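Reading through the structure tokens given below for one structure.
All chains are named by letter (A, B, ...) in the order of the sequence lines, taking the proteins before the strands, and each is independently numbered beginning at 1. The structure presented is a predicted model; accordingly, all values stated were derived computationally and were not measured.
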Amino acid sequence: MEDSSTLIDQRREKLEEIRQLGVDPYPYKYSPTHTTLEIREQFSEVGDQPDETKPVRIAGRIMTKRDHGKSGFAHLQDGSGRLQIYVRQNAVGKDAYQVYRKLDVGDVIGVDGPVFRTRTGEITVLVNEVELLAKSLRPPPEKWHGLQNKETRYRQRYADLMMNPEVRQVFINRTRMIQAVREYLNQDGFIEVETPILQPIYGGATARPFTTHHNALDMPLYLRIANELYLKRLIVGGFDRVYEFSRDFRNEGIDHDHSPEFTMIELYQAYADYEDMMCLTENLLAHTAQTVLGTTQITYKGDSISIAPPWRRLTMVEAIQEEAGIDVDALTDAELRQAVLDVGGDLEGVAPRGKLIAELFEAHVEPNLVQPTFIYDYPIEISPFAKKKRGSDRFVERFEFFIARMEMGNAFSELNDPIDQRERFTEGAKNQEDGAEDALMIDEDYLRALEYGMPPTGGLGFGIDRLAMLLTDQTSIRDVILFPQMRPERAD
RNA sequence: GGGCCGUUAGCUCAGUAGGUAGAGCAUCUGACUUUUAAUCAGGUGGUCACAGGUUCGAUUCCUGUACGGCUCACCA
């Protein structure tokens, strides 16, 4: 990172000059009275005469600077926006003005003075005192185009955020979205909990984990791929409604909607089933969109989408019938295999019927699900933690919901029969003999918990990052994660 | 993993049908006390991602590497 630059050299020289003038370029504190936004609001009626009896103090980064001899304009940017300041030599004094002239775009300063409106109508602080709060040594990106280069934007998110207000808004909306979800669940009697990220046995999903090692215990540990099984232990323990925003880690590919480190929310509600979860899902997301965006009508990649309940609901079998005209129940195993081959599916090993059905669904239906849609009743073979559908041995009470062609979340009537659960584990663990790293690990402690008895429970999980993408109209998951994972830069 | 594309000044980008490069902004010097992409005058700034090859000569053509983007496949 030691890239020599004359621009940086110049700023270091200025830093020394400022010190020579007796100014500390890195003081300890400043006490603003207002944010720039508060000034905009409180002084919206201000006239062209500054009211010296109502001085304000604001602090922020110099984003533009226009010097005019013995006066100058600049824009300060703080967390709430930008505001213009006007610095005049005969207001701040000659010495202070000398220091001000040495300041650069990028420097953080505090100013004190009254508010007025300039000839062109812009609300402006007429500065009586300037204080340098932090000297910037690295020149910021260009003021007009901002920072465009995607690689730099991801690697130096700080520069991206300071230059690109729309990026900042994406992340503010992400946070507000999380707050809206939390608020809704808290009001609905849910308790937010924290469960282990380091897990001795990973479970609750199928994915390859990140592996680490605990020295003192001398044992392997895994970064969680899901927190499902811990939350259900809490249901056994008597927390009837729990949720957790869970940073999960999956050692898989990276693309526009997959990140090795991502955020899910999982929630569990005792005495509920998957239909209750459908209602909760659509109401929760509608509330969230309404809170963050003020509407349930959103636009994503040019598609107009309504989040308002009720959402379309259809079973996986119905969906395949509708979109592909294929009645999977009428097909023999061989015909089903052929149907999968027809859509370019791969049939490694002995694919059970349920997997074939899911393949057909993914190929024919998933790409068409733009409006919010619940797809329910999944094949049992791909759903080891879901309870069998009432009256069926082949399907389970599970749904996933899709919006804008993205798989957003997953829910079940949770399997609470410990004997059935053990069989599902055993079935799933068979994959491990094939060396599959994402095979199910038998979690004996979880089975023990179920043996104590878990009430009937509805569970739901959905991807926070994907929801953030949807609500902020971003096409890549990296654009809703502040510091996306990147390969290291080459050391020069 | 495959395919396509990109990497040129601090930033945003041109460009060289092979003869070592330009603009705008930023920066520096000077002028300027209501500007706002301030203006005016004059300057500085680049191993053209990295390494090989072809060539009298490569930033340009070829090959490889690194990093990134888009996309297809896979996993969520």
Can you tell me whether the side chain of A:Glu122 and the base of B:U34 have a donor-acceptor pair closer than 3.5 Å? no
Quick check for you: among B:U33, B:C67, B:A76, whose closest atom lies nearest to any side-chain atom of A:Lys70? B:U33
Can you tell me if the side-chain N/O atoms of A:Lys65 get under 4.0 Å from OP1 or OP2 in B:A38? no
Can you identify which nucleotide, out of B:U33, B:C32, B:C67, has its nearest atom closest to the A:Arg101 side chain? B:C32
Which nucleotide in the list B:U12, B:U35, B:C75 gets nearest to the side chain of A:Thr118? B:U35
Of all the nucleotides listed (B:U35, B:U33, B:C13), which has the minimum atom distance to the side chain of A:Arg88? B:U33
Does any donor-acceptor pair link the side chain of A:His145 with the base of B:C11 at a separation under 3.5 Å? no
Between A:Arg66 and B:U35, is there a contact of a side-chain N or O with OP1 or OP2 at under 4.0 Å? no
Give the ring-plane orientation class for A:Phe399 versus A:Phe401, where under 30° counts as parallel, over 60° as perpendicular and anything between as tilted. tilted
Give me the distance, rounded to whole Å, that separates B:A58 from B:G19 when you measure between the P atoms they each carry. 11 Å
Can you check the distance between B:C70 and B:A17, where both ends of the measurement are the C1' atom (answer in whole Å)? 29 Å
What is the nucleic acid contact for A:Gln84, judged by heavy atoms within less than 4.0 Å: base, sugar-phosphate only, or nothing? base
Using the six-membered ring for Trp and the full ring for Phe, Tyr or His, decide whether A:Phe262 stacks on the six-membered base ring of B:A76 (centres under 5.5 Å, planes under 30°). yes
Look at the side chain of A:Glu282 and the backbone N and O of A:Trp311, then say whether any donor-acceptor pair between them is shorter than 3.5 Å. yes
Below 6.0 angstrom between ring centroids: does that apply to A:Tyr378 and A:Tyr274? no
Whole-Å distance, A:His75 NE2 to B:U34 C1', equals 12 Å
Nearest of B:C75, B:U12, B:A76 to any side-chain atom of A:Asp255? B:C75
Rounding to an integer number of angstrom, what distance separates B:G15 and B:U7 when you compare their P atoms? 11 Å
When both distances are under 3.5 Å in a Watson-Crick or G-U wobble arrangement, the nucleotide paired with B:G64 is B:C50
So which nucleotide does B:U39 pair with, by the Watson-Crick or G-U wobble rule with both distances under 3.5 Å? B:A31
If the cut-off is 4.0 Å, is A:Thr6 near the phosphate of B:G10, judged by side-chain N/O to OP1 or OP2? no
Which nucleotide sits closest to the side chain of A:His258: B:A38, B:U12, B:A76? B:A76
Counting heavy atoms from C-beta on, name the nucleotide in B:C70, B:U12, B:U34 closest to the side chain of A:Phe73. B:U34
Check whether any side-chain nitrogen or oxygen of A:Lys143 sits under 4.0 Å from OP1 or OP2 of B:C11, and answer yes or no. no
Between B:A21 and B:C50, how far apart are the two P atoms, rounded to whole Å? 16 Å
It should be established whether A:Arg466 places a side-chain nitrogen or oxygen under 4.0 Å from OP1 or OP2 of nucleotide B:A76. no
Nucleotide nearest A:Leu147 (side chain, heavy atoms from C-beta), chosen from B:C11, B:A76, B:U34: B:C11
Rounded to whole angstroms, how far apart are OH on A:Tyr158 and C1' on B:G10? 14 Å
Any side-chain N or O of A:Arg478 under 4.0 Å from OP1/OP2 of B:C70? yes
My understanding is that a pair needs two contacts under 3.5 Å, Watson-Crick or G-U wobble. By that rule, which nucleotide pairs with B:A58? none
As a test of reading the structure: which of B:C75, B:U33, B:U35 is closest to the side chain of A:Asn90, going by heavy atoms? B:U33
How would you label the contact of A:Gly146 with the nucleic acid (heavy atoms, under 4.0 Å): base, sugar-phosphate, or nothing? sugar-phosphate
So does A:Arg487 get a side-chain nitrogen or oxygen closer than 4.0 Å to the phosphate oxygens (OP1/OP2) of B:G68? yes
Of A:Tyr446, A:Tyr222, A:Tyr230, the one forming a ring pair (Phe, Tyr, Trp, His ring centres under 6.0 Å) with A:Tyr202 is A:Tyr222
Return the nucleotide paired to B:A9: Watson-Crick means purine N1 to pyrimidine N3 with N6-O4 or O6-N4, wobble means G-U with N1-O2 and O6-N3, both under 3.5 Å. none
Using the C1' atom on both, measure B:A31 against B:G45 and round to a whole Å. 24 Å
Can you tell me the distance, in whole Å, between the CZ atom of A:Arg138 and the C1' atom of B:U27? 15 Å
Which whole number of Å gives the distance between the C1' atom of B:C4 and that of B:G10? 30 Å
Of all the choices, B:A76, B:C28, B:U33, which nucleotide is nearest to the side chain of A:Lys14 once you look at every atom? B:C28
Can you tell which of A:Glu266, A:Arg224, A:Glu194 makes a side-chain hydrogen bond (donor to acceptor under 3.5 Å, both in side chains) with A:Ser246? A:Arg224
B:U20 and B:U71: how far apart are their C1' atoms, nearest whole angstrom? 36 Å
Any strand counts, and the cut-off is 3.5 Å on both contacts for Watson-Crick or G-U wobble. Which nucleotide pairs with B:U44? none
Tell me what A:Arg11 touches on the nucleic acid: a base, only sugar-phosphate, or nothing, going by heavy atoms under 4.0 Å. nothing
Would you classify A:Phe249 as touching base, sugar-phosphate or nothing, given that sugar-phosphate means primed atoms plus P, OP1 and OP2, and contacts are heavy atoms under 4.0 Å? nothing
Sort out the partner of B:A76 for me: Watson-Crick or G-U wobble, both distances under 3.5 Å, none otherwise. none
Tell me whether the centres of the aromatic rings in A:Phe385 and A:Phe425 are closer together than 6.0 Å. yes
Heavy-atom nearest nucleotide on RNA chain B for A:Ser259 versus A:Thr124: which residue maps closer to 5'? A:Thr124
Both distances below 3.5 Å, Watson-Crick or wobble geometry, any strand: find the nucleotide opposite B:A26. none
Is the base of B:A66 syn or anti, if syn means a glycosidic angle within 90° of 0? anti
Determine the interatomic distance between P on B:A23 and the same-named atom on B:G18; round to the nearest Å. 23 Å
